[in-house]
Amino acid sequence: MPALAELEEAWTAARGDPSYRKELDELLRDFGGRPTPCYRARRLSERAGRPVYLKREDLNHTGSHKLNNALGQALLAKRMGKQRIIAETGAGQHGVATATVCALLGMECVVYMGVEDTRRQQPNVQRMELLGATVTPVDAGARTLKEATSAAIRDWVTNVQSTHYVIGSVVGPAPYPALVRDLQRVIGDEARAQLLEREGRLPARVVACVGGGSNAIGTFTAFLADEQVELVGVEAGGEGIETTRHGAPLTVGGRAGILHGSRSAVMQDEEGQIVQAHSISAGLDYPGAGPQHAFLRDSGRARYVAVTDGEALAAFREVARLEGIIPALETAHALAWVLAQPQGELDLVCLSGRGDKDLAEVLALS
Amino acid sequence: MSASTMTGEARIAEAFARTSKRAALMPYLMAGYPTLEESVRIGEACVQAGADLIELGVPYSDPLADGPVIHAAGTRALAAGANMAGVLEVARALAGSVPVVLMCYANMVFAPGVEAFVERLARTGACGLIVPDLPLGEAPEVGEACAKHGMALVGLVAPTTTPERLAAIGKSTRGFLYTVSVVGTTGERETLKERFSEIVSRAKASTEVPVAVGFGIGTPEQARQAAEAGADGVIVGTRLVRAAGESEDPAGAVGAVVAELAAGLAPTDQRSAS
């Protein structure tokens with residue numbers, strides 16, 4: 001609790017400090033490669049029968065939007081005098097981003113990752129180790145993102161004086177969901193300006209995949225006040241939301257629950273045991289979702305839908321051939337939903353990450 | 001007054017007041033580990049060996065406040081079929097002998113509704129409730145429901161708790177103040193002693209109820225040091241869960257460790273006589 005208060009105070013101070021903002025912006029530009037393009041996908045638009053824009057977070061350094069948050073938090077940790085960084089990771093993208101930033105800033109880095117995820121995302125494990133991070137496999141429960149997050153929280157509680165926990169999504173106790181949103185909103189802020197410049201109008205629909213929900217919040221935030229813009233979050237339907245094997249707590253609805261220090265949509269049984277999520281994509285394989293998403297759903301500002309493993313895989317392949325872009329399996333969920341919509345005017349999709357990490361997993365299925 | 005007519009809070013107070021040891025001994029056990037039946041036997045063995053109160057853990061899918069040993073025990077208990085009805089039967093079986101304080105994560109308290117949860121717990125004869133992941137002030141309805149049913153809602157403080165929060169928690173806690181003594185790697189005896197005395201005196205200054213020290217206490221020496229530092233109670237968990245997991249006779253093994261801990265807490269004249 002005192003650590004959270006300290007973090008909130010440090011973030012409030014940093015956010016308003018021009019020197020922090022300047023250093024972050026420079027690194028986002030020169031190290032990260034921002035602004036990322038907002039690309040009118042040629043053949044995808046043709047196929048959809050309307051303009052489809054892709055916000056190319058896959059072209060961000062390390063291949064996903066995760067760097068935006070990792071850079072901001074690592075700089076914050078430096079300000080707070082903490083030299084040791086820990087992180088959890090599912091698909092490995094947040095772990096790679098954090099390991100990369102720690103190499104850049106000369107900080108110690110420990111990444112917690114479920115044993116199951118170290119298997120299906122082996123190339124990212126190798127990347128993190130090459131970057132000098134220690135990858136600690138977590139062998140508890142389903143051995144995926146939920147357990148990795150718990151392990152990171154335990155480490156933080158034990159080593160809070162020396163350590164900053166770089167949480168990778170808009171989950172966890174306050175102030176994390178707000179902190180991560182603030183650092184990811186650059187996605188939507190850029191895309192909104194880019195679209196207005198290119199098209200002279202706002203998108204009719206903004207679509208992003210939702211695991212914990214950081215790329216979605218990062219994209220949605222800029223459009224919250226534009227009431228005519230529809231916001232759609234695409235969750236992992238896994239083997240189908242009529243089964244228990246999915247990762248779509250927002251879509252399915254049900255009772256709110258408490259997981260990892262926040263109250264939000266959670267997959268749980270009658271007695272309150274958190275149940276295991278399932279998704280072909282490690283980054284969406286999480287039984288909770290950020291509290292801001294639950295709020296957007298309940299207020300009616302955003303809606304949430306689910307796409308199955310099979311549909312996401314088909315979109316993964318289709319977008320590779322249509323556009324010459326191999327999307328992350330997580331992102332493929334958002335693309336699958338867009339491809340399945342017969343109607344629409346102008347879609348903006350957050351292409352949250354690249355899919356190289358998923359090749360072995362996808363090829364093994366074919 | 002018989003146990004059945006006293007409130008849970010009063011039974012806890014009495015257990016701390018009447019212990020013959022230097023500090024009350026509160027073993028922790030995981031309900032349903034290794035099985036529901038065996039966990040009742042383990043609890044009975046604890047009582048036989050000198051437990052003054054029992055902290056009963058509810059197995060949970062995501063026990064953030066617990067280390068790997070207790071987490072693994074909870075996972076095993078759930079795999080063996082432990083559910084809330086079974087856990088409450090364990091509480092009921094032990095509550096006649098000693099005050100039972102349930103340690104339950106917040107999501108399970110909220111799932112059936114706070115009032116329904118507390119009422120059901122109170123009916124077993126349990127005396128108190130610890131919700132380790134519920135910060136003070138987040139959900140006043142839990143404290144209200146506990147007060148209504150005579151249950152003690154026990155607050156937790158850690159060495160990192162700020163003085164302002166310590167004062168607030170010390171004031172609002174009921175039954176006792178659960179004082180976490182996060183002991184890192186096993187240090188020098190002197191260091192540990194100093195640490196206990198600092199932690200305990202800080203906690204005692206904040207509250208009028210007994211102060212019980214837990215987390216990281218595993219040996220009779222550490223238990224005695226905590227008592228010598230002024231703790232009114234000593235909570236031992238992981239050491240006992242490990243004993244239960246390592247033995248063919250979990251109840252016997254746990255009972256033996258509890259007896260050693262009780263001896264460590266016995267007043268000096270009794271120890272020298274034995």
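Note: hydrogens, waters and symmetry copies are ignored here, and every other heavy atom, side chains too, is used. A, B, ... follow the sequence lines: proteins, then strands. Residue 1 opens every chain.
Under a cut-off of 6.0 angstrom, the local environment of CD in A:E242 is crowded, with over 12 non-hydrogen atoms contributed by other residues, nucleotides or ligands. The 12-atom threshold is exceeded at CD of B:E246, counting heavy atoms of other residues, nucleotides or ligands nearer than 6.0 Å. Atom CZ of B:R76 sits in a sparse spot, with 12 or fewer heavy atoms from other residues, nucleotides or ligands closer than 6.0 Å. When the shell of 6.0 Å around CD of A:E9 is examined, it contains 12 or fewer heavy atoms from other residues, nucleotides or ligands.
Proximity to chain B (any heavy atom under 4.5 Å) is restricted, for A:I153, to the side chain, taken from C-beta onward. Heavy atoms closer than 4.5 Å to chain A are found in both the backbone and the side chain of B:P63. Within the 4.5 angstrom heavy-atom criterion, no atom of B:A139 approaches chain A.
A distance-only check finds no donor-acceptor pair linking the side chain of A:Q268 to the backbone of B:N107 [under 3.5 Å]. Side-chain atoms of A:R154 come within 3.5 Å of backbone N or O of B:D66 as a donor-acceptor pair.
For the atom pair OG of B:S61 and CD of A:E271, the computed distance is 11.0 Å after rounding to the nearest 0.5 Å. Atom-to-atom distance recorded for B:E138:CD and A:R263:CZ is 10.5 Å, nearest 0.5 angstrom. The CG atom of B:L78 sits 9.0 Å away from the CG atom of A:D269 when rounded to the nearest 0.5 Å.
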Which side-chain N or O atoms in residues 110-131 of chain B pair as donor and acceptor under 3.5 Å with protein atoms at least two apart or in another chain?
{"unit_1": "B:E115", "atom_1": "OE2", "unit_2": "B:K148", "atom_2": "NZ", "d": "3.1"}
{"unit_1": "B:E115", "atom_1": "OE2", "unit_2": "B:H149", "atom_2": "NE2", "d": "2.9"}
{"unit_1": "B:E119", "atom_1": "OE2", "unit_2": "B:R123", "atom_2": "NH1", "d": "3.1"}
{"unit_1": "B:T124", "atom_1": "OG1", "unit_2": "B:L121", "atom_2": "O", "d": "2.6"}
{"unit_1": "B:T124", "atom_1": "OG1", "unit_2": "B:A126", "atom_2": "N", "d": "3.1"}

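Residues satisfying the ring pair (Phe, Tyr, Trp, His ring centres under 6.0 Å) criterion with B:Y60, sequence neighbours excluded, are B:Y105.
What you find for A:S150 and B:D62 is that their closest heavy atoms are OG-OD2, 4.1 Å.
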